[in-house]
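Chain naming here is simple, since letters A, B, ... match the order of the sequence lines and numbering starts at 1 in each.
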2 protein chains.
Amino acid sequence: MASHPDDLDLAGLTSAIEGFNAYFIRLPSVRRLSFSTLSVLHTLHHHGPMRLTALTATEQLKQPALTSLVAKLEREGLVTRRPDPRDGRAVLLSLTPEGEHIVRSRHADRTARLARLVEHLSEEERAQLAGYTRLLNRLTEIAAHVEG
Amino acid sequence: MASHPDDLDLAGLTSAIEGFNAYFIRLPSVRRLSFSTLSVLHTLHHHGPMRLTALTATEQLKQPALTSLVAKLEREGLVTRRPDPRDGRAVLLSLTPEGEHIVRSRHADRTARLARLVEHLSEEERAQLAGYTRLLNRLTEIAAHVEG
DNA sequence: AGAGTTATATCAAACTTCGATGTAAATCGT
DNA sequence: ACGATTTACATCGAAGTTTGATATAACTCT
């Protein structure tokens, strides 16, 4: 289908990402944490303190489910809730040091696994891979704009 | 930290992938399908007919949960179960045409979303992205070896 | 053939998610 | 500044999911 070599085969790229993710996402988490939990921790880690309602937008959970998930995470000491000084109805959620620790340690595990894969690449492939960090960050940034 | 420009910052790359995935994974699925369901459909699509036990290895579910999930998917017409001719205890699972349709249509949605992002890239960045498909497939293949 | 193992099913208990609805705080229109 | 509306989160009970323990039947090995 491509008219010349550099043409971007988007469906092929999508498949490649999907396939790699099937491997990349699955970590044998030591503590048994659900997908929902991990997603909330990831979002809070990257976004910083935010409201329950703001989380409803990114997580694929309805508000009552989030209320109860966050209550549980608070009991477990992974998340703190404090009143929003700007709005008496709202609550600001953030990660505790222990919550941060989980996100960071999963990140470290992924980095280590990636390292083991990269060992098997050629010199040239490794050099090529180095450029993708910028590119992926660029795409993520664009996604944030396009969606928002 | 990098000693020269082409050095591979693995932690940075991991973060970039994690960040992009947070966007890429989340599709507002039309039918309300759980993460577990989607993962099973994806695995069956790529791997072809397989046993329940084989699925237990890739999905992060225990066998009883898979038995009941698969029973539900069979009721909904997304998966078929037939006895394994080689082993009377075992069951071979595969996708129905409708199950295949769901996987393909989610793939198509992702491709379309990716297309909207890529529009915003420069000519040069698009060319760079084209090489990423090969490289990701290569990494996935290596992962299959390293794990297996 | 009998002992051990493997593939899946069943069960009840624990947990998650949902839709509907409640309560209190903020905002809007007059 | 008042009441009406809207927004943020909590609560509730019902429906759905996941789990560990255990059952059953089919394979394997000697």
Side-chain angles (χ1 to χ4, degrees), chain A residues 25-44 47-94 99 102, chain B residues 25-44 47-94 99 102:
Chain A
I25 288 175
R26 280 162 213 183
L27 282 182
S29 52
V30 182
R31 302 175 64 154
R32 242 184 333 67
L33 301 166
S34 69
F35 179 74
S36 301
T37 295
L38 293 169
S39 183
V40 164
L41 296 183
H42 177 91
T43 304
L44 284 177
H47 188 284
M50 63 194 291
R51 293 178 174 194
L52 232 175
T53 309
L55 265 182
T56 349
T58 49
E59 311 310 306
Q60 306 218 301
L61 289 179
K62 302 299 176 189
Q63 176 261 314
L66 259 175
T67 296
S68 95
L69 174 53
V70 164
K72 196 194 74 165
L73 295 179
E74 192 182 26
R75 264 181 267 123
E76 292 174 348
L78 306 184
V79 163
T80 28
R81 297 154 33 93
R82 61 188 166 102
D84 184 341
R86 304 192 150 263
D87 185 337
R89 299 163 298 176
V91 174
L92 286 179
L93 307 172
S94 25
I102 288 174
Chain B
I25 288 175
R26 282 166 203 164
L27 281 182
S29 53
V30 180
R31 303 174 64 159
R32 238 180 339 70
L33 302 166
S34 70
F35 179 73
S36 301
T37 294
L38 293 169
S39 183
V40 165
L41 297 182
H42 177 90
T43 304
L44 285 176
H47 188 285
M50 61 193 293
R51 294 179 172 192
L52 233 173
T53 310
L55 266 181
T56 328
T58 49
E59 310 310 305
Q60 305 219 299
L61 288 179
K62 303 299 176 192
Q63 177 263 313
L66 260 176
T67 296
S68 97
L69 175 53
V70 164
K72 197 194 74 165
L73 295 180
E74 193 182 25
R75 267 181 263 122
E76 293 174 347
L78 306 184
V79 162
T80 27
R81 294 154 36 94
R82 61 186 168 104
D84 184 340
R86 305 190 150 264
D87 186 336
R89 300 163 297 179
V91 174
L92 286 178
L93 309 172
S94 24
I102 288 174

Base contacts versus sugar-phosphate-only contacts with protein, heavy atoms under 4.0 Å: please encode nucleotides 17-29 of chain C as B, S and - from 5' to 3'.
BSBB----BS---

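- Between A:S36 and A:L61, the closest side-chain pair of non-hydrogen atoms falls below 4.5 Å.
- Every salt bridge (Lys or Arg N to Asp or Glu O under 4.0 Å) that A:R31 has, sequence neighbours left out, goes to A:E98.
- Under the 4.5 Å side-chain criterion, counting only non-hydrogen atoms from C-beta, B:L78 is not in contact with B:V40.
- Axis deviation across the helix from C:dA1-D:dT30 to C:dT30-D:dA1 amounts to 40°, comparing end segments of five pairs, rounded to 10 degrees.
- Per the geometry, CG belonging to B:D84 stands 16 Å off P belonging to C:dT6, to the nearest Å.
- A:R82 places no side-chain N or O within 3.5 Å of a backbone atom of A:V91 that could act as its donor or acceptor partner.
- When all heavy atoms of A:M50 and A:L55 are compared, the closest pair comes out as CE-N, 3.8 Å.
- Side-chain contact between A:T80 and A:L93 is absent, with no heavy-atom pair separated by less than 4.5 Å.
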One pair to check against side-chain contact (heavy atoms from CB on, under 4.5 Å): A:R51 and A:D84. What are the steps and the verdict?
CA-CA 8 Å; A:R51 293 178 174 194; A:D84 184 341; 3.2 Å; yes

Taking only distance into account, with no hydrogens and no angle test, what donor-acceptor pairs under 3.5 Å do side-chain atoms of residues 67-76 of chain B form with protein atoms, sequence neighbours excluded?
residue : atom : partner : partner atom : Å
B:T67   : OG1  : B:Q63   : O            : 3.2
B:T67   : OG1  : B:Q63   : NE2          : 2.9
B:E74   : OE1  : B:R81   : NE           : 3.2

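- For the OP1/OP2 pair of C:dT8 and a distance below 4.0 Å, the side-chain nitrogens and oxygens of B:T67 include no atom meeting the criterion.
- Salt bridge present: B:R89 and B:D87 bring a charged side-chain N and a carboxylate O closer than 4.0 Å.
- Partners of A:E59 under the side chain to side chain donor-acceptor pair (under 3.5 Å) rule, at least two apart in sequence or in another chain, are A:S39, A:T43.
- Nucleotide C:dA9 holds its P atom 16 Å from the NZ atom of B:K72, rounded to whole Å.
- Nucleotides of DNA chain D with any atom under 4.0 Å from a heavy atom of chain B span, from 5' to 3', D:dT17 to D:dC27.
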